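What follows is one structure encoded as structure tokens, with my remarks underneath.
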Amino acid sequence: MKICVLPGDGIGPEITAEAVRVLKALDLKFEMEEAPVGGAGYRTKGHPLPEATLKLAKEADAVLFGAVGDFSLDTLPRELRPEQAILGLRKELNLFANFRPAMVYPELVHASTLKPEVVAGLDILIIRELTGDIYFGKPRGIHTLANGEREGFDTMRYSESEIRRVAHVGFQAAMKRNKRLCSVDKANVLDTMQLWREVVTAVGKEYPEVELTHQYVDNAAMQLLKNPKQFDVIVTGNMFGDILSDEASMLTGSIGMLPSASLNEKNFGLYEPIHGSAPDIAGKNIANPLATILSAAMMLRYSFGLGEPADRIEAAVKRVLAKGVRTGDIAESGMKAVGTKEMGDAVLAAL
Ligand code: IPM
Ligand code: MG
């Protein structure tokens, strides 16, 4: 089992180091190889997704990804910015289905800014389409109009087959859970999203057991705060999923807790925390490594079919939280916060 480890920028190296320690502790004979990506790729190899890094990722059985993003490189042309690394990997590896679960641990109910009764027991899964939409649609650019002012433009597009395949993923996930799927779109305004709704509805005919509902994205954003427990699985496009998954993370108390899996048709996957590189806290040993550790658990389950060790990691995280071990982002007032490494130590001890 070959794992390509891409720590990236900011807090990326610190949090992936903890996940790697946890994987190593399982004694499962992984081969792990690291490569630079994002700003780290640009600085060492002149490109956010160096050729050798992409090759390593393609040859591996799974990819463990930290985070990319580096303010000091934001003035580079877009194709050289750190974010292009993760967008390039998603596209090159055809990782169209992004699983972003959001669940509330009983111990962290009070870490959420929402009332405990709104979030207690929450367990939802957002499935975000990851290789289409306005993120990748062409044409795009910034051009100069006849009157001399500049105009920026991007193109939202989805083909029927792109919608269909992610819809299937959504329905299949719902079948394994509580059999409710909410498709989020903006069909009242956008033609692309009208097609989205038509195709998802048609695919739904193949899953008569799943209760399919539709919400417009603005309403869904509101419903997630008003009554998040109404949701089981949400399936949505790339941009709406980006936004709603950040919102959903706050229901759980901290974005530092949420893992994700990005899969292709063959269940090859890239696993990453949903948070970014957090340059403001990088190198200070204060970032929460749990989202990355939980991403490693998802990797075991989805890419390697190793449900038992995945359960063990998740149980260890629960035990650590039950013991009151907290990084700063999830500590209640009066609680002492531990560092990134100490959180890793605690998970290892619990394992
Ligand atoms: C995410 C991130 C990325 C995205 C960025 C880093 C390109 O926000 O994974 O949600 O927009 O998809
Ligand atoms: Mg995002």
Side-chain angles (χ1 to χ4, degrees), residues 6-13 15-16 36-42 47-49 53-54 57 63-74 76-102 124-137 140 154-156 158 162 166 184 217 220-221 224 234-252 254-264 269-282 287-288 291-292 294-295 298-299:
L6 306 178
D9 306 320
I11 59 171
I15 54 174
T16 40
V37 77
Y42 177 75
H47 195 276
L49 183 54
T53 300
L54 179 59
V63 179
L64 182 66
F65 191 93
V68 289
D70 181 335
F71 292 141
S72 68
L73 300 178
D74 280 355
L76 287 171
R78 178 164 311 281
E79 65 276 11
L80 292 178
R81 283 189 219 166
E83 288 78 6
Q84 291 307 308
I86 186 63
L87 296 172
L89 279 165
R90 289 170 182 170
K91 197 71 178 172
E92 289 283 336
L93 302 171
N94 202 18
L95 307 170
F96 70 92
N98 183 212
F99 288 66
R100 297 192 163 189
I124 62 181
L125 173 62
I126 297 182
I127 294 179
R128 167 187 176 194
E129 200 288 331
L130 208 54
T131 52
D133 201 353
I134 195 163
Y135 270 49
F136 293 96
R140 62 183 289 168
D154 296 270
T155 308
M156 175 179 274
Y158 264 124
E162 284 175 310
V166 77
V184 172
V217 63
L224 267 174
I234 290 174
V235 65
T236 190
N238 202 345
M239 183 164 62
F240 298 160
D242 184 27
I243 298 166
L244 293 181
S245 59
D246 265 33
E247 186 188 356
S249 77
M250 277 300 117
L251 304 171
T252 74
S254 172
I255 197 165
M257 293 298 301
L258 264 64
S260 80
S262 306
L263 306 177
N264 71 12
L270 178 148
Y271 300 82
E272 57 170 328
I274 85 154
H275 60 70
S277 59
D280 51 324
I281 60 164
N288 185 348
T292 317
L294 292 167
S295 298
M298 286 185 97
M299 167 190 296

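Nothing fancy with the numbering, it's 1 onward along the sequence. Here the structure is a predicted model, which means the values were calculated and not measured. Order of listing sets the numbers, starting from 1, for every ligand and every atom in it.
Ligand 1 does not have Met239 within reach: every non-hydrogen atom of the residue lies 4.0 Å or more from it.
Checking Glu129 against Thr131 by side-chain atom types alone, a donor-acceptor pair falls below 3.5 Å. No side-chain donor-acceptor contact under 3.5 Å links Tyr135 and Asp154.
Residue Asp242 approaches ligand 1 through these ligand atoms, each under 4.0 Å from one of its heavy atoms: 1 (C), 4 (C), 8 (O), 10 (O), 11 (O). Below 4.0 Å from some heavy atom of Tyr135 lie the following atoms of ligand 1, by number and element: 4 (C), 11 (O), 12 (O). Atom numbering of ligand 1 starts at 1 in the shown order; those under 4.0 Å from a heavy atom of Arg128 are 1 (C), 4 (C), 9 (O), 10 (O), 11 (O), 12 (O).
Using a 4.5 Å cut-off on side-chain heavy atoms (C-beta onward), Ile15 and His275 make contact. Residues Val217 and Thr236 fail the side-chain proximity criterion, which asks for heavy atoms closer than 4.5 Å.
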| query | How far apart are the C-alpha atoms of Arg128 and Asp242, what are their side-chain angles, what is the distance that settles it, and do they pass the salt bridge (Lys or Arg N to Asp or Glu O under 4.0 Å) test? | reply | CA-CA 7 Å; Arg128 167 187 176 194; Asp242 184 27; 3.7 Å; yes

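Of the candidates Arg81, Arg90, Arg100, Arg90 brings a heavy atom nearest to atom 12 (O) of ligand 1.
The nearest protein atom to atom 6 (C) of ligand 1, hydrogens excluded, is given as Glu83 CG, 3.9 Å; this is a heavy-atom distance.
For Ser295 (side chain) and Ala291 (main-chain N/O), a donor-acceptor pair under 3.5 Å exists by modelled atom type.
Taking the N/O/S atoms of Asp242 in turn, the shortest distance to the Mg ion (ligand 2) belongs to OD1.
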